[in-house]
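Have a look at the structure below before the remarks.
This is a predicted model, so every value here is computed, not measured.
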Amino acid sequence: MIKKNDIKDYLEKDFSISAEVINFVEAVENDIKATLHDLDAMAELHQYRVIKAMQRAGLGDRHFAVATGYGYDDVGREIVEKIYAEVFGAEDALVRPHISSGTHAISLALYGVLRPGDQLLAITGAPYDTIRSVIGLVDKYQGQGTIKEYGVTYDQVELREDGSFDEAAILAAMTPNTRMIYLQRSTGYSWRKAITLEAMKKMIAKIRSVKPDVIVFADNCYGEFLDHVEPVSVGVDLIAGSLIKNPGGGLAPTGGYVAGRSDLVHLAACRLSAPGVARETGATLGINRTLLQGLFLAPTVVSQAIKSAVLLAACYQKIGFDVCPEVTDYRSDIIQSVRLNTSERVKTFCRAIQEAAPVDSHLTPEPWDMPGYSDPIIMAAGAFIQGSSIELSADAPMREPYIVYFQGGLTHYHGKLGILLSLQRLMDEKLIAI
């Protein structure tokens, strides 16, 4: 039988992690074991929901057949979208490997629905960096077909300091031309907790009391399987996200989704292919088995990632760093932020996460000018699927106050290894003390 001391010996010998760091993390994990245990109930509930959706759809082995060419009558593609629609509480869903990223999925929703003269109103402050480029808020991307170039106006309302909606400012910013309200559920590169579904529900009700026909869109990236339901069930009309984040379960090799009202999903499909064609083409080339198996595993994988996020928060809070969310906070995305305060700590932290990776662990992350971002970004991601942020990863814009964003881990043990190495390497560099 393997004992705890066997694990400690292995970590010391093969990963050069000291007994001091191992004992520290073990003690912290023991302190929060009740919180970690509660996360298993979330995974169990969602596992049953996913299974029932697959059963109701009549999923069979025939749905895993390979479709080619135009992909007419791709029954696998059709059942994937039927299952996603039920899991997300939506009328319809567009789930395709042809959607290359979360940004691409969100773009389909924006370009598909908005028309010249419409106003897009963001009520959670500035969207994620890459979406700002899509909207037309970054000068160097002007002339490349941003939505502002197509005559869509844009405005935004900041969240209050406590991360809540500024109700009065939102209602005042709405105009007769407000066609779409934009919500970003996750933190992005900001210092706030993710938006909860309960907060969304209350704000949407107030918005609809003023303008019943407004379309509410939510960027759902990083938020899937973190509550009893998804945003569509609390009044959101349309959501979008990436399959190489939560819902792909670490198995989906690419892809994204748009889900919600059937008429709006159709408009997104028209943008993905062409008007008149919409969702009727797009061969999935035998990928449906992998997409569905990833969805089947997603509830467990997401709970594992959240356990690692909670443990990271507890460890870094204990040694004096500000963390968001805090250990006992309700979580609406998988991201854990730590304010490290110096560029050297950020770089050392990310390099330690890379060192924990099963893939490309020998590489050394460096900040660089990534397309779509306004500051140099450092990213650690040694993943089986390139860019998969449900796998263990960390990234940070190189700007004050030097906040690092940690997410993922297909297993809690992998996430824990990243935490152990981050603490050890920061200690080695005399950047922290525990």
Any side-chain donor paired with an acceptor under 3.5 Å for [X] and [Y]?
X    : Y    : result
Y257 : N220 : yes
E400 : Y402 : no
Q293 : T290 : no
Q156 : E158 : yes
S164 : D162 : yes

Side-chain donor or acceptor of [X] paired with backbone N/O of [Y] under 3.5 Å:
X    : Y    : answer
Q407 : L392 : no
D74  : R77  : yes
Q119 : R179 : no
Q336 : V323 : no
Q317 : A313 : no
D118 : R115 : yes
R345 : L431 : yes
E391 : S388 : no
Q304 : H412 : yes
S190 : T187 : yes

Scan the side chains in residues 93-102 for donor-acceptor partners under 3.5 Å anywhere in the protein, sequence neighbours excluded, and list what turns up.
unit_1 : atom_1 : unit_2 : atom_2 : d
R96    : NE     : E81    : OE2    : 2.6
R96    : NH1    : T281   : O      : 3.0
R96    : NH2    : E81    : OE2    : 3.3
R96    : NH2    : R279   : O      : 2.9
H98    : NE2    : A283   : O      : 3.2
S100   : OG     : H104   : ND1    : 3.3
S101   : OG     : T103   : N      : 3.4
S101   : OG     : H104   : N      : 3.1

**Q.** Residue that, paired with S332, satisfies side-chain hydrogen bond (donor to acceptor under 3.5 Å, both in side chains) out of K193, E198, R185
**A.** R185
Closest heavy-atom pair and its distance - [X], [Y]:
X    : Y    : value
F225 : A298 : CE1-CB, 3.6 Å
A199 : F165 : O-CE1, 3.5 Å
I32  : L311 : CD1-CA, 3.9 Å

Answer yes or no: are there more than 12 heavy-atom neighbours, outside [X] itself, under 6.0 Å from its atom [atom1]?
X    : atom1 : result
D213 : CG    : yes
F321 : CZ    : yes
Y48  : OH    : no
F64  : CZ    : yes

[atom2] on [Y] to [atom1] on [X], rounded to 0.5 Å:
X    : Y    : atom1 : atom2 : answer
I378 : R351 : CD1   : CZ    : 5.5 Å
F349 : S422 : CZ    : OG    : 4.5 Å
L183 : M180 : CG    : CE    : 11.0 Å
M174 : I123 : CE    : CD1   : 9.0 Å
I181 : L120 : CD1   : CG    : 8.5 Å
T348 : L421 : OG1   : CG    : 12.5 Å

Q | 4.5 Å side-chain heavy-atom contact, T178 and K211 | A |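 They are in side-chain contact.
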Q) With side chains defined as the heavy atoms from C-beta onward, is the minimum distance between T153 and N177 less than 4.5 Å? A)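 No; the side chains remain at least 4.5 Å from each other.
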Can you list, pair by pair, the side-chain donor-acceptor contacts under 3.5 Å of residues 234-249, counting residues two or more places apart and other chains?
unit_1 : atom_1 : unit_2 : atom_2 : d
D237   : OD1    : R208   : NH2    : 3.3
D237   : OD2    : R208   : NH2    : 2.3
D237   : OD2    : V216   : N      : 2.8
S242   : OG     : I244   : N      : 3.1
N246   : ND2    : Y222   : O      : 3.1
N246   : ND2    : E224   : O      : 3.0

Q: With salt bridge (charged side-chain N to carboxylate O under 4.0 Å, His left out) as the test, would you mind laying out the steps for R132 and D129 before giving the verdict?
A: CA-CA 5 Å; R132 296 175 207 174; D129 293 43; 3.7 Å; yes
Report all side-chain donor-acceptor pairs from residues 55-62 shorter than 3.5 Å, counting only partners two or more places apart or in another chain.
unit_1 : atom_1 : unit_2 : atom_2 : d
Q55    : OE1    : K52    : NZ     : 3.1
R56    : NH1    : E86    : OE2    : 2.5

Sequence neighbours excluded and cut-off under 3.5 Å, please list the side-chain donor-acceptor pairs for residues 262-272, or say none.
unit_1 : atom_1 : unit_2 : atom_2 : d
S262   : OG     : E91    : OE1    : 3.2
D263   : OD1    : R261   : NE     : 3.0
D263   : OD2    : R261   : NH2    : 2.7

Q: Sequence neighbours left out, what passes ring pair (Phe, Tyr, Trp, His ring centres under 6.0 Å) with Y128? Give chain and number order.
A: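 So Y128 forms a ring pair (Phe, Tyr, Trp, His ring centres under 6.0 Å) with Y189, Y373.
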Q) What class does the angle between the rings of Y70 and Y72 fall in, given that below 30° is parallel, 30 to 60° is tilted and above 60° is perpendicular? A) tilted
Q: Begin from the C-alpha positions of D92 and K82 and carry the test salt bridge (charged side-chain N to carboxylate O under 4.0 Å, His left out) through to its verdict.
A: CA-CA 7 Å; D92 202 358; K82 185 176 182 179; over 6 Å; no
Q | salt bridge (charged side-chain N to carboxylate O under 4.0 Å, His left out) partners for K416, two or more places apart | A |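 K416 satisfies salt bridge (charged side-chain N to carboxylate O under 4.0 Å, His left out) with E26, E29 only.
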